[in-house]
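Reviewing the structure listed below.
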Amino acid sequence: MSERVRIYEVGPRDGLQNEAASIPTATKAQFIELLADAGLREIEVTSFVSPRPVPQLADADQLLSSLRPRPGLRYPVLVPNLRGLSRAEAAGAEAIAVFTASSDAFARANIGMTVDESMAAFAPVLARAGELGWWRRGYVSTAFGCPYTGRVEPARAVDVALRLLTLGLDEVCFGDTIGVAVPSQVAALTGLAVEAGIPLSQMAYHFHDTRGTALANVAAGLDAGVRCFDSSAGGTGGCPYAPGAAGNLATEDLVYFLDASGWEHGASLSGVLEAARFIAGALGRPVASKVGQAGGWDPASGAPLGRA
Ligand code: HMG
Ligand code: MG
């Protein structure tokens with residue numbers, strides 16, 4: 001198994017989508033530049049969704065077209081339907097993520113479709129993206145629990161993932177949308193997914209850190225062979241239809257953990273901290289994550305590293 005881990009940054013999209021205060025497009029673009037400067041190579045930058053539920057990302061068209069292309073960088077965007085796909089194409093997208101859920105109740109609240117209906121809606125979106133040669137991800141939200149219907153059996157999440165994969169995906173990402181999972185459940189879901197034929201190389205996890213279990217869940221995912229994890233610089237994040245969900249796992253917490261555990265990933269902690277502080281400043285509050293507050297740690301001297 002490779003010693004390299006992919007960090008999939010969702011700060012500009014998940015991190016900002018639920019923020020009430022309006023953030024200028026140029027500030028978002030600067031945040032993305034700082035994330036790229038920090039060595040992050042996959043940055044989910046925005047969503048081509050209806051501006052009604054997610055007004056914060058209504059500037060997706062201007063934002064994506066304003067980004068400077070950088071070799072080796074991927075800027076995926078969320079797309080819920082063909083309308084979103086044509087907007088994304090016009091703005092220069094080359095990577096998309098569709099998003100459904102394990103539970104009909106959440107899918108209905110979030111995208112106005114049942115899970116079955118979402119498959120029908122995504123089929124032409126993913127087919128067209130495939131023709132264009134784009135990278136394609138599919139999210140299975142509420143993979144462990146739903147804010148409306150409670151516990152989700154892992155077999156259900158795996159079933160939805162398999163159906164998404166047959167539509168043509170590079171990667172399926174299981175989302176712990178409201179942050180209820182614990183490591184034993186991550187091990188169980190990963191094991192079931194592998195048994196069902198989903199390759200580990202096409203699997204990712206997206207943990208919200210609502211109850212402080214996200215990093216432990218990453219450790220369980222790593223033990224089970226998964227090598228791609230989502231995180232958000234500064235630990236921001238939430239979904240308008242996931243009541244009570246707190247932020248995503250903070251990228252700086254993930255980077256500290258991976259560095260100290262000897263995994264390669266390509267991001268620099270100081271660069272991620274700079275991006276996290278920049279966006280926290282734009283939002284008018286301090287960085288809330290553990291490593292954002294404590295800094296990293298220099299084992300040679302015992303001193304904290306990169307503290308604000
Ligand atoms: P709908 O109301 O069911 O469908 O929305 P509609 O076709 O009747 O459209 C309603 C209005 O939206 C119409 O405008 C459409 O034109 C417009 P009106 O005529 O009323 O003025 N519209 C669009 N506008 C711009 N771009 C589009 C688009 N499509 C329709 N692409 C829809 C259905 C899917 C559009 C809506 O429910 C939606 O946009 N939902 C997105 C919600 C969202 O972004 N949620 C957060 C992201 S998911 C997440 O955070 C979870 C994740 O992080 C993983 C995890 O944590 O588990 C990924
Ligand atoms: Mg999320």
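We use all heavy atoms of the structure for the numbers below, so side chains are in, but hydrogens, waters and symmetry mates are not. Both ligands and their constituent atoms are indexed starting at 1 by order of listing.
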**Nearest-0.5 Å distance that lies between atom CD1 in I43 and atom CZ in R13** = 14.0 Å
**Message:** So if I count the atoms of ligand 1 from 1 in the order they appear, which ones are less than 4.0 Å from some heavy atom of G175?
**Reply:** 57 (O)
**Request:** Tell me which part of P80 gets within contact of ligand 1: side chain, backbone, both or neither, using heavy atoms under 4.0 Å.
**Result:** side chain
**Shortest non-hydrogen contact between V226 and A204, atoms and distance** = CG1-CA, 4.2 Å
**Prompt:** Looking at atom 1 (P) of ligand 1, is any protein heavy atom nearer than 4.0 Å to it?
**Reply:** no
**Request:** Check whether the side chains of D14 and S232 place a donor and an acceptor atom closer than 3.5 Å, and report yes or no.
**Result:** no
**Item:** Side chains of S47 and Q17, donor plus acceptor under 3.5 Å
**Value:** no
**Prompt:** Looking only at protein heavy atoms, which one is nearest to atom 49 (C) of ligand 1, and how far off is it?
**Reply:** R13 NH1, 3.6 Å
**Item:** Side-chain H-bond candidate by donor/acceptor type, T190 with Y205, under 3.5 Å
**Value:** yes
**Asked** Roughly how far, to the nearest 0.5 Å, is the CD atom of E9 from the CG atom of N248?
**Response** 8.5 Å
**Asked** In terms of hydrophobic clusters joined by side-chain contacts under 4.5 Å, are M113 and Y148 together?
**Response** no
**Prompt:** Hey, which atoms in ligand 1 end up nearer than 4.0 Å to a heavy atom of P51?
**Reply:** 24 (N), 25 (C)
**Numbered atoms and elements of ligand 1 in range of G84, under 4.0 angstrom, heavy atoms** = 31 (N)
**Request:** Flag S141 as yes when one of its N or O atoms lies below 3.5 Å from any N or O atom of ligand 1, and as no otherwise.
**Result:** yes
**Asked** Distance-only, no hydrogens or angles: does the D170 side chain make a donor-acceptor pair with backbone N or O of R136 under 3.5 Å?
**Response** yes
**Message:** Distance under 4.0 Å to a non-hydrogen atom of V49: what atoms of ligand 1 satisfy this?
**Reply:** 25 (C), 26 (N), 27 (C), 39 (O), 41 (C), 44 (O)
**Complete:** Within the 4.0 Å heavy-atom cut-off, what T177 brings close to ligand 1 is both
**Item:** Donor on one side chain, acceptor on other, S103 and T149, under 3.5 Å
**Value:** no
**Request:** Select the closest option to atom 32 (C) of ligand 1 among I111, V79, N248, L85, judged by heavy-atom distance.
**Result:** I111
**Asked** Does the protein put any heavy atom within less than 4.0 Å of atom 37 (O) of ligand 1?
**Response** yes
**Prompt:** Just by distance, do the side chain of S301 and the backbone of A303 share a donor-acceptor pair under 3.5 Å?
**Reply:** yes
**Asked** Side chains of D176 and H206: is there a donor and an acceptor less than 3.5 Å apart?
**Response** no
**Asked** Under 4.0 Å from atom 7 (O) of ligand 1, is there any protein heavy atom?
**Response** no
Please tabulate, for the side chains in residues 193-200, all donor-acceptor contacts under 3.5 angstrom to protein atoms that are two or more places apart in sequence or on a different chain.
none

**Request:** Mind checking whether N81 contacts ligand 1 via backbone (N, CA, C, O), side chain (CB onward), both or neither, at a 4.0 Å heavy-atom cut-off?
**Result:** side chain
**Message:** If we set the cut-off at 4.0 Å for heavy atoms, which region of D14 has an atom near ligand 1: side chain, backbone, both, or neither?
**Reply:** side chain
**Message:** Please check this pair: side chain of N217 against backbone of T213, looking for a donor-acceptor N/O pair closer than 3.5 Å.
**Reply:** yes
**Request:** Please check if a non-hydrogen protein atom sits closer than 4.0 Å to atom 4 (O) of ligand 1.
**Result:** no
**Residue pair V186 / F207, side-chain heavy-atom distance below 4.5 Å** = yes
**Complete:** Note: ligand 1 atoms sitting under 4.0 Å from heavy atoms of H206 are 53 (O), 54 (C), 55 (C), 56 (O)
**Request:** Taking atom types as modelled, find out whether T25 and Q62 have a side-chain donor-acceptor pair closer than 3.5 angstrom.
**Result:** no
**For atom 17 (C) of ligand 1, the protein heavy atom that lies nearest, with its residue and separation** = R83 NH1, 3.7 Å
**Message:** Out of all atoms in ligand 1, which are within 4.0 Å of some heavy atom of L78? Include the element for each.
**Reply:** 47 (C)
**Prompt:** In the protein, which heavy atom is nearest to atom 39 (O) of ligand 1, and how far is it?
**Reply:** S50 N, 2.8 Å
**Item:** Vertex the Mg ion (ligand 2), arms to D14 OD2 and H208 NE2, rounded to 10°
**Value:** 100°
**Request:** May I ask you to check whether Y241 has an N/O atom sitting below 3.5 Å from an N/O atom of ligand 1?
**Result:** no
**Request:** May I ask whether atom 26 (N) of ligand 1 is less than 4.0 Å from at least one protein heavy atom?
**Result:** yes
**Prompt:** Given Y139 and R137, is the side-chain hydrogen bond (donor to acceptor under 3.5 Å, both in side chains) satisfied, shown in steps?
**Reply:** CA-CA 7 Å; Y139 282 101; R137 167 185 260 215; 3.1 Å; yes
**Request:** Could you tell me whether Q56 approaches ligand 1 through its side chain, its backbone, both or neither, with non-hydrogen atoms closer than 4.0 Å?
**Result:** neither
**Item:** Atom indices of ligand 1 within 4.0 angstrom of F48 heavy atoms, with elements
**Value:** 26 (N), 27 (C), 31 (N)
**Winner among V125, V140, N110 once heavy atoms are compared against atom 45 (N) of ligand 1** = N110
**Item:** Contact (N/O only, under 3.5 Å) between Y139 and ligand 1
**Value:** no
**Message:** Using a 3.5 Å cut-off on N or O atoms only, is R52 in polar contact with ligand 1?
**Reply:** yes
**Message:** Could you identify the single nearest non-hydrogen protein atom to atom 47 (C) of ligand 1 and state the distance to 0.1 Å?
**Reply:** Q17 OE1, 3.4 Å
**Message:** Under 4.0 Å from a heavy atom of C239: which atoms of ligand 1 are those, numbered in the order shown and with their elements?
**Reply:** 46 (C), 50 (O)
**Request:** Return yes if some donor-acceptor pair links the side-chain N/O of R211 with the main-chain N/O of G179 below 3.5 Å, else return no.
**Result:** yes
**Prompt:** Are any of the heavy atoms in A242 under 4.0 Å away from ligand 1?
**Reply:** no
